[in-house]
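Not measured: the values here are computed from a predicted model. Whatever order the structure lists ligands and atoms in, that order sets their numbers, starting from 1. Sequence positions, counted from 1, serve as the residue numbers for this chain.
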Amino acid sequence: MTLAPLLAASPAIQMHAFAALAAFALGAVQLTAPKGTIPHRLFGWLWAGLMLTVVLSSFFIHEIRLWGPWSPIHLLSIFTLVMLPMAVWRARRHDVRRHQRAMVGLFAGALVIAGLFTLLPGRIMHAVLFGP
Ligand code: HEM
């Protein structure tokens, strides 16, 4: 494992990948820790901020150019940009069941799946884990 390919990438890619890795770690803790507590709320806002950083930075990354400068993964960014405020809004309204469903969906559907796709050969995280 080497961070060199990531540290050689553009600032947008570095910001995106480090925010995503932090969101993955924090999200895993958040999903297993007690809910409704002060730490849950604080770390929840931090997680939402990290996810927003992941999404916004992704709009400045254009490595996979399928439709002009855009890739199918950008659809996931748009989806996350819509779902994230909805998931937070449901917590604010104490709609716990739908808040939980949206957050677990974002964690598993966006972070884990997008994260697994970054491990495909030719992509930067593949080189980080398995070498160039
Ligand atoms: C653990 C999770 C994630 C990691 C480690 C990660 C890492 C990366 C890296 C290193 C790139 C740079 C290009 C490449 O290597 O091909 C990239 C591109 C991208 N990522 Fe992520 N990412 C993660 C999660 C996400 C999530 C949650 C989203 C959207 C909600 C997302 C959307 C994108 C998009 C749109 C691109 C640009 C693709 C292109 O080149 O056109 N990523 N990601």
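Looking at residues two or more places apart in sequence or on another chain, you find a ring-ring contact (aromatic ring centres under 6.0 Å, His included) between H62 and W70, H74. By the side-chain contact (heavy atoms from CB on, under 4.5 Å) test, V104 pairs with L31, Q100, sequence neighbours left out. Taking R98 as the reference, D95 meet the salt bridge (Lys or Arg N to Asp or Glu O under 4.0 Å) condition, with sequence neighbours excluded.
A donor-acceptor pair under 3.5 Å is absent between the side-chain atoms of Q30 and the main chain of W47, judged by distance alone. A donor-acceptor pair is defined here as one N or O able to donate and one able to accept, closer than 3.5 Å; no such pair exists between the side chain of H126 and the backbone of L120. For the pair R65 (side chain) and S71 (backbone), a donor-acceptor distance under 3.5 Å is absent.
Sorted by chain then number, the residues whose non-hydrogen atoms approach ligand 1 to under 4.0 Å are I13, H16, A20, V54, S58, I61, H62, E63, I64, S71, I73, H74, L76, S77, T80, A110, L111, A114, G115, T118, R123, I124, M125.
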